[in-house]
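Ligands are counted one by one from 1 in listed order, and the atoms in each one are counted from 1 as well.
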Amino acid sequence: MTDVYRIDEGAKVRLSKLPTRDDALFDGDKKAGLVVLDDLSREIAALQRRLFAEDRHRVLVVLQGMDTSGKSSTIRDVFRHTNSLGVHAVSFGKPSEEELQRDYLWRIHAHSPRRGEIAIFDRSHYEDVTVVRVLDLVEKSTWTRRYEHIRQFEQMLVDEGTTIVKLFLHISADEQAEQLRERIHDPEVRWKFNPSDLEARAVWDQYETAWEDAIAETSTGDAPWYVVPADRRWYRKLAVARILRDTLADLDPSYPDVGEDLTPYLDRL
Ligand code: AMP
Ligand code: MG
């Protein structure tokens, strides 16, 4: 079902042809949708407890999207019932001097999930084939060869036991304008307003092309991309929760069988 938003390996990606508003996973209203979201978040929390107890699988969730697409509030709400000790959420902003001393995957790899853990990336190594391309921070010959590095890097993680889910929160330019207006007006979100978002917005088409190429080049059977309609906030969270719930359910984590009869210990209590 959640496959509706999955990008097949080798498929061409035209973001303008993919929905930013949709009802394939839920066709009710916001109020009912928020109830479903809460149920899914609880299911994710229950699956995470098993994942942690089983201590076998690793899960990596990559969240990307244009500015204001809702990456951080999606993380907040999808994992609202999940024990923080079992997740590792990290935001990747502009690389520091220290990070720029190394290769671009160095800082990323350092945050890959432990066994039993879910790592959540708010931005990721995909910035190293998109923003660096649009802003001309590295040569074309540099970012083009990175697709292959990324495919290989992710395949290595998968081969070593990591399940990878990559989510592109897909908003329209109109929805971004609406979100930016809100940031300007609302005192509680004004702090998020960054004039550089307007510069990025001015080259929206270039970002769109960069993302289309990045997604098409790196959506593989083992590390798929999902392009999630994100104009409606509650639907975007519900869709992400569905994709993650289904992914975790497929892993079918189970509490370990301790194998021995523990009842003799009752005598010591
Ligand atoms: P925010 O997510 O709003 O805190 O913004 C983080 C900023 O860091 C965004 O403008 C990203 O494009 C930028 N950024 C993240 N990773 C990189 C990178 N590897 N190279 C250049 N800029 C980056
Ligand atoms: Mg920002």
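- A donor-acceptor pair shorter than 3.5 Å cannot be found between the side chains of Ser219 and Tyr226.
- Judged by the 6.0 Å and 45° rule, Arg107 forms no cation-pi pair with Phe92.
- Residue-level proximity to ligand 1 for Leu135 is absent, since no heavy atom of it falls below 4.0 angstrom.
- Residues satisfying the side chain to side chain donor-acceptor pair (under 3.5 Å) criterion with Arg42, sequence neighbours excluded, are Asp38.
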Please tabulate, for side-chain N and O atoms in residues 17-28, each donor-acceptor pair with protein atoms closer than 3.5 Å (sequence neighbours left out).
unit_1 : atom_1 : unit_2 : atom_2 : d
Thr20  : OG1    : Asp231 : OD2    : 2.9
Asp22  : OD2    : Tyr5   : OH     : 2.3
Asp22  : OD2    : Ala24  : N      : 3.3

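- Ranked by closest heavy atom to atom 9 (C) of ligand 1, the top entry among Gln64, Arg123, Lys94 is Arg123.
- Checking Asn194 against Ser196 by side-chain atom types alone, a donor-acceptor pair falls below 3.5 Å.
- Inclusion of Ser124 in the set of residues having an N or O under 3.5 Å from an N or O of ligand 1 is not warranted.
- Short contacts between ligand 1 and Val132, defined as distances under 4.0 Å to a heavy atom of the residue, involve ligand atoms 20 (N).
- Between Pro95 and ligand 1 there is a heavy-atom distance shorter than 4.0 Å.
- For Arg123 and Gln64, the side-chain atoms include no donor-acceptor pair closer than 3.5 Å.
- At a heavy-atom cutoff of 4.0 Å, ligand 1 is contacted by the backbone of Phe92 but not by its side chain.
- Applying the 4.0 Å criterion to heavy atoms of Glu127 picks out, from ligand 1, the atoms 11 (C), 12 (O), 14 (N), 15 (C), 16 (N), 17 (C), 18 (C), 19 (N).
- In summary, Lys166 and Glu154 engage in a salt bridge, as defined by a charged side-chain N under 4.0 Å from a carboxylate O.
- At a 3.5 angstrom cut-off on N or O pairs, Gly93 counts as close to ligand 1.
- The shortest N or O to N or O distance between Arg107 and ligand 1 is below 3.5 Å.
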